[in-house]
Amino acid sequence: MLSQSVQDALNNQINLEFASAYAYLAMSGYFESANLTGFASWMRIQYEEELTHALRLFDHMHDRGGTVRLDAIAEPKAKFKSALEAFEAALAHEQKVTASIHNLYALAAKENDYATQTMLQWFINEQVEEERSVGQVVDWLKMAGDSPVALLMLDQKLGQRGSEAEDEGEAEAEA
Ligand code: FEO
């Protein structure tokens with residue numbers, strides 16, 4: 001059984017994951033408008049992944065007899081000065097999500113909620129990956145500087161990102 005404080009924190013995290021999805025969809029739209037379709041595709045896949053994060057928490061709440069509360073989501077930022085500004089915003093956002101997951105884990109530990117701690121292990125690992133991949137793009141964009149050629153090469157590279165489901169399918173096919 002979930003304590004009320006863990007339920008409240010899980011509901012806040014569900015909201016943050018949906019807000020992440022919304023933020024990345026807005027960034028995808030920004031890149032579509034700029035005709036940087038590789039960046040747009042990367043952000044759209046990120047959007048889809050965030051929805052799966054929210055649903056993981058949604059399912060855990062119901063598995064444990066909790067009550068989901070879907071709060072309002074604020075309008076996300078949709079205009080950026082550059083691709084770098086958008087990805088720096090994404091990195092700051094992921095760092096905020098990581099801190100929130102860690103606080104949630106600490107609360108679950110304090111409340112002796114072992115099942116929630118186990119469920120959150122996946123998120124702790126996922127945040128390492130998320131910060132690494134977004135931080136990598138930030139570094140590449142800094143290296144690209146003002147070069148349109150470098151930006152277009154990065155756009156091509158990011159357009160090659162597959163969805164998590166596709167990646168897992170490929171891994172299974174290779175196994
Ligand atoms: Fe679900 Fe990118 O944090």
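Positions are given from 1, in the same order as the sequence printed here. Note that ligands are numbered from 1 as they come in the structure, with each ligand's atoms numbered from 1 the same way.
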Checklist entry - Do Arg161 and Ser133 have side-chain N/O donor and acceptor atoms under 3.5 Å apart? => result no
Checklist entry - Among side-chain atoms of Asp8 and Gln4, is any donor-acceptor pair under 3.5 angstrom? => result yes
Checklist entry - Any idea how Phe87 and Phe31 line up, ring-wise: parallel (<30°), tilted (30 to 60°), or perpendicular (>60°)? => result tilted
Next on the checklist: For the CD atom on Glu75, are there more than 12 heavy atoms of other groups (residues, nucleotides or ligands in this structure) within a distance under 6.0 Å?
Outcome noted: no
Next on the checklist: Please tell me whether Glu50 and Tyr22 have a donor and an acceptor in their side chains that are separated by less than 3.5 angstrom.
Outcome noted: no
Checklist entry - So, Gln160 and Gln156: side-chain donor and acceptor under 3.5 Å apart, yes or no? => result no
Next on the checklist: Distances under 2.8 Å only: what protein N/O/S atoms are near atom 2 (Fe) of ligand 1, ordered by chain and residue?
Outcome noted: Glu50 OE2, Glu94 OE1, Glu94 OE2, Glu130 OE1
